Amino acid sequence: MLIKIPNKSHLNDSDVTQESVYQERRSLLKQLGFLGAGALISSALANKAKAGFFSDDDVSFKTQALEYQTDTLNQALIKTPEQKIISHNNFYEFGAKKDQPAALSQGFQVKPWQLTISGACDNPMTLDYDDLTKLFPLEERIYRLRCVEAWSMVIPWIGFPLASLLKRVMPNSKANYVAFETLHDPEQMPGQANSRLGGGIQYPYVEGLRIDEAMNPLTLMSVGLYGKTLPPQNGAPIRLVVPWKYGFKSIKSIVSIKLLEQQPPTTWNKLAPNEYGFYANVNPKHDHPRWSQASERRITSGGLFSRNRIETLPFNGYGEQVADLYKGMNLSRHY
Ligand SMILES: Nc1nc2c(c(=O)[nH]1)N[C@H]1C(S)=C(S)[C@@H](COP(=O)(O)O)O[C@H]1N2
Ligand SMILES: [Mo]
């Protein structure tokens with residue numbers, strides 16, 4: 001079923017407009033019978049011509065919005081304005097301040113790009129730039145993104161499940177973990193050339209997941225947001241999105257994915273193991289030494305009446321889909 005995404009020009013920085021677009025879309029979905037008991041809502045299909053993006057060819061992509069009944073607040077799925085999503089970023093390769101990635105990444109070249117998937121698998125492969133948007137059907141997924149610094153956003157990502165990619169490379173019986181690596185290119189990424197600018201991180205930025213976390217249907221490889229290819233500051237041309245974990249797990253501008261037998265090292269855990277664990281599941285009961293995790297500041301349009309201090313939910317509200325992955329584990333120890 002094809003539904004047109006609301007015209008982009010309707011989306012601006014006003015709370016009221018955001019809310020009304022949201023309501024409009026909900027009633028459209030309702031009319032078409034998509035809203036109801038089901039948690040999975042197949043919502044919209046756009047193609048390049050209509051959306052005016054993914055400029056390379058005629059590929060149409062399926063978009064699919066996921067809405068979860070676990071949302072406890074009406075505002076939970078009111079999207080953060082695009083302008084905020086692309087101007088308030090953590091991407092230390094382009095500077096450790098929130099406004100630096102947008103300012104310092106605009107010349108970033110993503111073509112050519114190569115993403116290599118290797119390690120414990122029978123069919124290793126290398127994807128080129130064009131493969132990233134063409135090899136797998138693209139979906140839209142509206143997810144909350146929760147940073148460990150206690151701010152959050154609601155972002156309409158475009159991408160495909162990591163599971164689809166992993167199935168293609170055929171992981172073998174030794175594939176217990178998946179390791180991810182960001183591009184290392186100090187000429188293009190000033191934070192890698194200047195350690196002060198780059199926040200003292202050891203580059204390349206690396207992340208990891210257990211294989212069952214990587215195969216979970218919520219785990220997304222994102223190539224776009226708000227119907228357009230990713231801007232550099234959000235992790236062009238391809239990044240990970242793991243919505244039930246703190247944002248630092250959602251590694252950007254990925255060039256390598258490796259299947260491994262052992263748990264791989266991860267950037268923030270190496271830097272401060274007492275602050276950042278490997279699992280990093282959103283957990284309101286486990287405080288970070290500097291930030292209480294009990295509540296968060298939802299970044300909205302910032303309107304006068306927007307209530308933006310909200311309670312943090314276990315697994316960022318995705319417990320129904322992922323809590324089983326951690327059965328029997330002590331989550332205060334494995335934070
Ligand atoms: N390579 C790389 N990936 C990264 C980061 C980074 O500094 N470098 N920051 C992480 C953090 S802390 C967060 S909160 C999210 C922010 O994603 P956004 O800027 O798209 O909101 O990206 C994550 N991915
Ligand atoms: Mo973050």
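All of these numbers come straight from a predicted model, not from anything done at the bench. Atoms within a ligand are numbered from 1 in the order they appear, just like the ligands themselves.
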If the cut-off is 4.0 Å to any non-hydrogen atom of [X], which atoms of ligand 1 fall inside it?
| X | result |
| --- | --- |
| Cys147 | 14 (S) |
| Phe91 | 1 (N), 2 (C), 6 (C), 7 (O), 8 (N) |
| Thr182 | 1 (N) |

Quiz prompt | Test item, Gly235 contacting ligand 1 (heavy atom, 4.0 angstrom) | solution = no
Self-check item: Any Arg239 heavy atom less than 4.0 Å from ligand 1
Solution: yes
Applying a 4.0 Å heavy-atom criterion (strictly less than), which segment of [X] is in contact with ligand 1: side chain, backbone, both, or neither?
| X | value |
| --- | --- |
| Lys249 | neither |
| Ile85 | neither |
| Glu93 | side chain |
| Tyr92 | both |

Closest approach of any protein heavy atom to [atom], naming residue and atom:
| atom | answer |
| --- | --- |
| atom 6 (C) of ligand 1 | Tyr205 CE1, 3.4 Å |
| atom 21 (O) of ligand 1 | Leu145 CD2, 3.3 Å |
| atom 15 (C) of ligand 1 | Gly247 O, 3.6 Å |
| atom 19 (O) of ligand 1 | Lys252 NZ, 2.6 Å |
| atom 24 (N) of ligand 1 | Ser250 O, 2.9 Å |

Exercise. Would you tell me which option among Ile155, Asn90, Ile86, Thr267 has the nearest heavy-atom contact to atom 11 (C) of ligand 1?
Key: Asn90
Quiz prompt | Val169 side chain near Pro124 side chain, heavy-atom distance below 4.5 Å | solution = no
Determine whether the side chains of [X] and [Y] contain a donor N or O and an acceptor N or O closer than 3.5 Å.
| X | Y | answer |
| --- | --- | --- |
| Tyr177 | Glu213 | no |
| Arg146 | Gln293 | yes |
| Ser295 | Glu311 | no |

Quiz item: Hey, would you say the Tyr226 and Trp157 ring centroids sit under 6.0 Å apart?
Solution: no
Quiz item: Do the ring centers of His288 and Tyr276 come within less than 6.0 Å of each other?
Solution: yes
Quiz item: With sequence neighbours left out, what residues match Ser256 under side-chain hydrogen bond (donor to acceptor under 3.5 Å, both in side chains)?
Solution: none
Quiz item: Run the side-chain contact (heavy atoms from CB on, under 4.5 Å) check on Gln192 and Phe94 step by step: do they pass?
Solution: CA-CA 8 Å; Gln192 292 179 338; Phe94 294 102; over 6 Å; no
Quiz prompt | N or O contact, Trp157 vs ligand 1, cut-off under 3.5 Å | solution = no
Side-chain donor-acceptor pairs of residues 193-200 under 3.5 Å, sequence neighbours excluded:
unit_1 : atom_1 : unit_2 : atom_2 : d
Asn194 : OD1    : Arg196 : N      : 2.9
Asn194 : OD1    : Leu197 : N      : 3.1

Quiz item: Between Phe91 and Arg239, is there a cation-pi geometry (under 6.0 Å to ring centre, at most 45° from the normal)?
Solution: no
